Protein chains: 2
Amino acid sequence: MILQFLWLFLISNKIFDIFVMNFNFYKNMLKAERHKYIMTKLIEDQKVVTTDLALALDLSEDTIRRDLNELDSKKLLEKVYGGAVQVKEKSDNVFDIAIVAEEQKKKIVTKALSLLHDDQVIIMSGGSTNLVFAKLIPADLKATIYTYSLPIAMQLSQHPNIDLIFIGGKMQKNAMVTIGMDVIQVVSKIKADICFIGASSINIKQGLTEVGYEISIVKKAMIEASDRVVSMFASNKLNTKMPHGVCDLTQLDTIVTELDPEDERLDEYRKSGVFIL
Amino acid sequence: MILQFLWLFLISNKIFDIFVMNFNFYKNMLKAERHKYIMTKLIEDQKVVTTDLALALDLSEDTIRRDLNELDSKKLLEKVYGGAVQVKEKSDNVFDIAIVAEEQKKKIVTKALSLLHDDQVIIMSGGSTNLVFAKLIPADLKATIYTYSLPIAMQLSQHPNIDLIFIGGKMQKNAMVTIGMDVIQVVSKIKADICFIGASSINIKQGLTEVGYEISIVKKAMIEASDRVVSMFASNKLNTKMPHGVCDLTQLDTIVTELDPEDERLDEYRKSGVFIL
DNA sequence: ACAAAAACTGCAAAATCATGCATTAGTAGG
DNA sequence: CCTACTAATGCATGATTTTGCAGTTTTTGT
């Protein structure tokens with residue numbers, strides 16, 4: 001009986017040693033090492049607890065808290081009451097697309113809603129203005145829409161009454177649109193009533209111009225395929241220029257900006273014959 | 001001697017503590033973790049019940065209520081009498097796709113990452129499991145990926161080293177994938193090294209089966225176009241059946257589930273010759 | 001309308017945190 | 001070697017946050 005206890009005692013002593021080793025293992029740790037340890041622990045467990053760390057590293061909780069505050073201010077973790085958790089990946093979600101000046105764009109596209117009618121065949125290019133437009137298309141509109149923009153297709157796929165056709169091809173990843181010959185081929189076979197073209201730049205002489213060559217080609221094909229061509233953009237795009245031409249003003253039927261149609265900044269465009277909404 | 005017993009007592013206390021810790025697994029949960037747990041639970045079950053949460057987390061109902069109020073004021077959920085429900089009006093943001101049992105799916109697809117190599121040509125079908133897979137594809141993988149799923153294309157468009165080709169066609173809006181002859185035509189011309197097929201249902205006799213006819217046709221074409229066919233799914237899909245056949249087990253090269261490859265539930269599948277990861 | 005369940009309010013105990021201050025260790029310069 | 005300086009750490013103190021409980025109010029179902 002005694003022997004059993006003695007044995008247990010020895011065993012427990014061993015365990016105790018291990019404990020002590022673990023406790024004091026990190027005793028002479030530099031601050032940087034500690035931070036690394038904390039970050040590793042955080043990734044392992046999804047969280048760290050102040051008291052646990054103080055125990056594990058044999059330091060006062062105050063020091064741990066200071067560490068956590070420091071790491072928090074570096075945005076490496078998020079401090080919470082009792083410890084810290086992983087900083088939530090803000091842009092991990094590819095799917096939330098930030099739209100700059102969304103209110104302004106809403107104002108623009110709302111005007112263009114009057115151009116929509118049931119049973120139209122519509123082509124939409126990419127761009128955040130067109131995305132806002134897609135959001136605001138009335139739920140009861142019945143139409144066929146072609147697009148080659150992923151975000152716009154995502155948006156329109158929520159729409160109950162729209163026949164949606166995505167134009168496939170090689171993805172231009174930053175703009176999230178397809179480009180290339182496959183796109184041109186499909187677009188050139190469409191007979192659309194109306195197309196909505198985002199604009200990088202517009203001016204009197206060159207008309208619509210684009211920053212990318214491939215996009216400019218696709219837009220040319222869109223215009224060719226549509227009876228009516230509408231371009232929506234904010235007024236800061238007026239009188240600017242990009243390397244690749246898309247079409248001149250005579251090929252545009254309607255432009256839509258946030259300005260009053262009678263605004264003097266649009267005078268020259270109005271003279272060229274394009275309808276201003 | 002007394003000391004020995006004292007020591008034993010301390011040790012047993014420690015062991016006891018560990019037991020208690022395991023028993024009350026969530027006892028030392030940080031508030032932030034709790035909120036995360038609640039939100040996960042909410043997405044899984046579409047609702048949470050105050051009393052259930054109090055029981056599950058071993059906390060008073062008051063605390064749970066305070067949590068729910070807090071999350072409610074952050075607009076992350078909507079508190080109702082007895083618990084909380086998901087905040088509606090998700091039409092505001094089409095783009096955040098809720099993935100049920102994301103952790104389980106991560107476990108599955110992580111196994112499949114070993115099948116990826118540089119310079120492969122890959123076809124990916126739709127489905128949330130494949131979406132999780134797309135998220136976890138290493139940033140340094142250089143490959144060409146074909147897909148006809150909007151969310152997967154969105155996800156992969158963030159990937160710097162992947163040539164991404166979207167297969168266009170008519171959109172099946174609820175699944176956010178393209179379907180139809182256009183898709184078949186493109187797929188049948190691809191010569192892919194490997195394809196990853198989501199599964200609605202799988203069983204020994206019929207193999208892969210699908211709920212939609214069109215999808216089943218597309219998947220047939222995918223299999224035809226690929227040297228190697230991989231299907232990833234959770235084990236609850238095992239031994240279920242849908243109306244439209246895709247392929248039998250002999251046409252599958254690899255299946256991946258969250259189960260251990262030696263699990264007895266996979267015995268019959270293993271016998272059929274398919275490799276189980 | 002009434003009883004039971006759920007929710008809210010105020011309160012107190014406990015845990016956690018921020019701050020100021022003293023101590024220590026390491027370091028650079030004379 | 002000594003001194004002054006700085007950074008890091010621990011401790012004391014008071015503030016803040018969290019949590020459960022008791023009592024009251026609101027909601028729900030019958």
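Order of the sequence lines sets the chain letters (A, B, ...), proteins ahead of strands, with each chain counted from 1. Just so you know, these numbers come straight off a predicted model, no measurement behind them.
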Requested in this report: Start with the C-alpha distance between B/E258 and B/K105, add both sets of side-chain angles, then the distance that settles salt bridge (charged side-chain N to carboxylate O under 4.0 Å, His left out), and finish with yes or no.
Outcome: CA-CA 8 Å; B/E258 85 282 10; B/K105 286 172 181 167; over 6 Å; no
**Report entry** A/K31/A/D67 ion pair, N-O < 4.0 Å
**Finding:** no
Query raised in the report: Atom CZ of B/R66 to atom P of D/dT16: distance rounded to whole Å?
Result: 18 Å
Query raised in the report: Expressed in angstrom and rounded to an integer, what is the separation of B/D72 atom CG from C/dA6 atom C1'?
Result: 16 Å
Query raised in the report: Which of the following nucleotides, D/dG20, C/dT16, C/dC8, is nearest to the side chain of B/S60?
Result: D/dG20
Report task. In plain terms, say whether A/D163 and B/K170 are close enough for a salt bridge, that is, a side-chain N and a carboxylate O under 4.0 Å apart. Result -> yes
Query raised in the report: Just how far, in rounded Å, is C1' of D/dA8 from CG of A/L57?
Result: 15 Å
Query raised in the report: Can you say whether the rings of B/Y213 and B/H244 are parallel (under 30°), tilted (30 to 60°) or perpendicular (over 60°)?
Result: perpendicular
**Report entry** Closest to the B/R65 side chain, choosing from C/dA18, C/dC8, D/dT9
**Finding:** C/dC8
Might you list the N or O atoms of the protein lying below 3.5 Å from N or O atoms in nucleotides 25-30 of chain D, with each pair's distance?
unit_1, atom_1, unit_2, atom_2, d
D/dT27, O2, B/Y81, OH, 3.2

Report task. Evaluate the salt bridge (charged side-chain N to carboxylate O under 4.0 Å, His left out) criterion for residues B/D45 and B/K47: first the C-alpha distance (whole Å), next the side-chain angles of each, then the deciding distance (0.1 Å), finally the verdict. Result -> CA-CA 5 Å; B/D45 302 350; B/K47 65 164 185 182; over 6 Å; no
Requested in this report: Identify whether any heavy atom of B/N69 sits under 4.0 Å from a base atom; if not, whether one sits that close to sugar-phosphate; answer base, sugar-phosphate or nothing.
Outcome: sugar-phosphate
Query raised in the report: After noting the C-alpha distance and the side-chain angles of A/F166 and B/F166, does the key distance pass the ring pair (Phe, Tyr, Trp, His ring centres under 6.0 Å) rule?
Result: CA-CA 9 Å; A/F166 193 92; B/F166 192 92; 4.5 Å; yes
Report task. Mind checking B/V80 for me? I need base, sugar-phosphate or nothing, with any heavy atom below 4.0 Å counting as a touch. Result -> sugar-phosphate
Report summary line: note: A/D62, atom CG; D/dG14, atom C1'; distance rounded to Å ~ 14 Å
Requested in this report: Could you state the atom-to-atom distance from CD of A/E33 to P of D/dA8 in whole Å?
Outcome: 14 Å
Requested in this report: Give a yes/no answer on whether the side chain of A/K79 brings an N or O atom under 4.0 Å of OP1 or OP2 in C/dC17.
Outcome: yes
Report task. Identify whether the distance between the nearest side-chain nitrogen and carboxylate oxygen of B/R66 and B/D62 falls below 4.0 Å. Result -> no
**Report entry** Short side-chain N/O contact from A/K31 to OP1 or OP2 of D/dA7, under 4.0 Å
**Finding:** no
Query - D/dT19 phosphate, OP1 or OP2, under 4.0 Å from B/R34 side-chain N/O - result: yes
Query raised in the report: Closer than 4.0 Å, any side-chain N/O of A/T50 to the OP1 or OP2 of C/dT16?
Result: no
Query - Atom-to-atom span, CD of A/E61 to C1' of D/dT9 - whole angstrom - result: 14 Å
Query raised in the report: Roughly, in whole Å, what's the span from CD1 in B/I64 to P in C/dA7?
Result: 11 Å
Report task. Round to the nearest Å and state the distance from B/H35 atom NE2 to D/dT17 atom P. Result -> 14 Å
